[in-house]
Asks: 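Starting off with a structure, shown below.
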Amino acid sequence: MIPAICVVGRKNSGKTMLIERLLPELLARGRKVATVKHDAHDFEIDQPGKDTWRHRQAGSTTTVISSSSKMALVRLTDSDSPLDDLLRMVDRSYDLVLVEGLRRSACPKILVHRPETGEPPDVLGDIWAVVGDKMPDIDGNPPCIPLEDIGMLADLIEERLLGGPVQTPAWNLPALLAEAGRHHGHLCPGQVLGVRMAILGCERLGIYEPKSSKRLITFVETDRCGTDAVQTVTGCTLGKRTLKFVDYGKLAATFIDTETGRAVRIAAKESARDAALRFLPNEPNAHEAQLHAYKALPDEDLFSVQDVRVELAEAELPGRPRGRTVCAECGEGVNNGRELSVAGRTLCRACAGGPYYDEVEATVGVQEYQDGTP
Ligand SMILES: [Zn+2]
Ligand SMILES: [Zn+2]
């Protein structure tokens, strides 16, 4: 069974708000977290008149509804489901389930307490921590943690429920730099920045083995040195459709965890170059100064980091080509919906908008071309 902890407390004591703060903290620590919410009232997920509601009216006691982005199961019950049954519905890849409510389950509890909302409710199971500014009169002696100290609460959960913090494999910077140098052809400052940028991006997403995780999609914003290094660390490539190139001419990249939808954009700071020269003031060669300083300077001196959201269209995702058609003009095949419709004809982008190349002679077949006898 997946470890679970229940957030309990009086109505309006701030249980949901605590989960809203705790969840991102645990995700940032590389944990995969699911949630369960117990509703004391009878929630209604099916709106009258909708198809699933009509299925139920017709007698269905279990209805599954699914789309390309989510699915839900609605099963009629005649009593509260035991927590164990609810936990069994969460797949085993999760590390932890945060439960809102279910104070009478056997799971450990976090009690959210605000004196204004009254004395704490009766709770079964151990209270591991009280979140709030004032300790209520309860048995045991759990620590009282202010809502602002969410890191302390996450530490406690990791310690007691998950066997301590995630053992993050140290990134082997020298080995990655050597690999990047081989791939790119030389080790340049751009390789060092690219390798460190990719490490930082992966770390922010809690992805420590990007090449085998299959979770990562990376957008790169330049076709210069650093992009090769990003590929080396992440294993993302154009051919696997996990590397996307947008030509902004910036040493920046956005790393997307396709499993959680979280994305982080990392850009090299314009001031990084000066920071490198200041770091090695006696190095007369700026290129050498950058090459070495970029290995040692802290991330804050080199990069700006922003959490972002990236909408990925279905047709952009890895996997088999979605759809294939043939250009009505040139007869060449076009994958992934890249064709355009012009005046009712399906055309490739070259035929529709003018190609990036100019034809020199009439196109010849490969055999004739090799024979030299067109
Ligand atoms: Zn280079
Ligand atoms: Zn065409």
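Just the heavy atoms: all of them, side chains too, but no hydrogens, waters or symmetry mates, feed the values below. Since the structure is predicted, the reported quantities are computational estimates derived from the model, not experimental observations. Counting convention: from 1, in listed order, for ligands and their atoms alike.
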Asks: Side chains of His183 and Glu179: do they bring a donor and an acceptor to under 3.5 Å?
Replies: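 Side-chain D/A pair, His183 to Glu179: absent.
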Asks: Just to be sure I understand the site: which N, O or S atoms from the protein are less than 2.8 Å away from the Zn ion (ligand 1)?
Replies: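 Protein N, O or S atoms closer than 2.8 Å to the Zn ion (ligand 1): His184 NE2, His186 NE2, Cys188 SG, Cys225 SG.
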Asks: Tell me the angle that SG of Cys327 and SG of Cys351 form around the Zn ion (ligand 2), rounded to 10°.
Replies: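 Nearest ten degrees: 110°.
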Asks: May I ask you to check whether over 12 heavy atoms, not counting those of Arg338, lie within 6.0 Å of atom CZ?
Replies: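 Yes, the 6.0 Å shell around CZ holds more than 12 heavy atoms from other groups.
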Asks: For Trp128, does its backbone N or O pair with a side-chain atom of Asp126 as donor and acceptor, under 3.5 Å?
Replies: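 A pair under 3.5 Å: no.
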Asks: Which of these, Leu23, Leu96, Ile157, Leu162, sits in a side chain to side chain contact (heavy atoms under 4.5 Å, CB included) with Arg31?
Replies: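 Only one option passes, and that is Leu162.
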Asks: Look at Arg265 together with Glu221 and state whether they make a salt bridge at an N to O cut-off of under 4.0 Å.
Replies: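 Yes.
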Asks: Has Lys32 got its NZ or CZ under 6.0 Å from the middle of the six-membered ring of Tyr94, at an angle within 45 degrees of the ring axis?
Replies: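 Yes.
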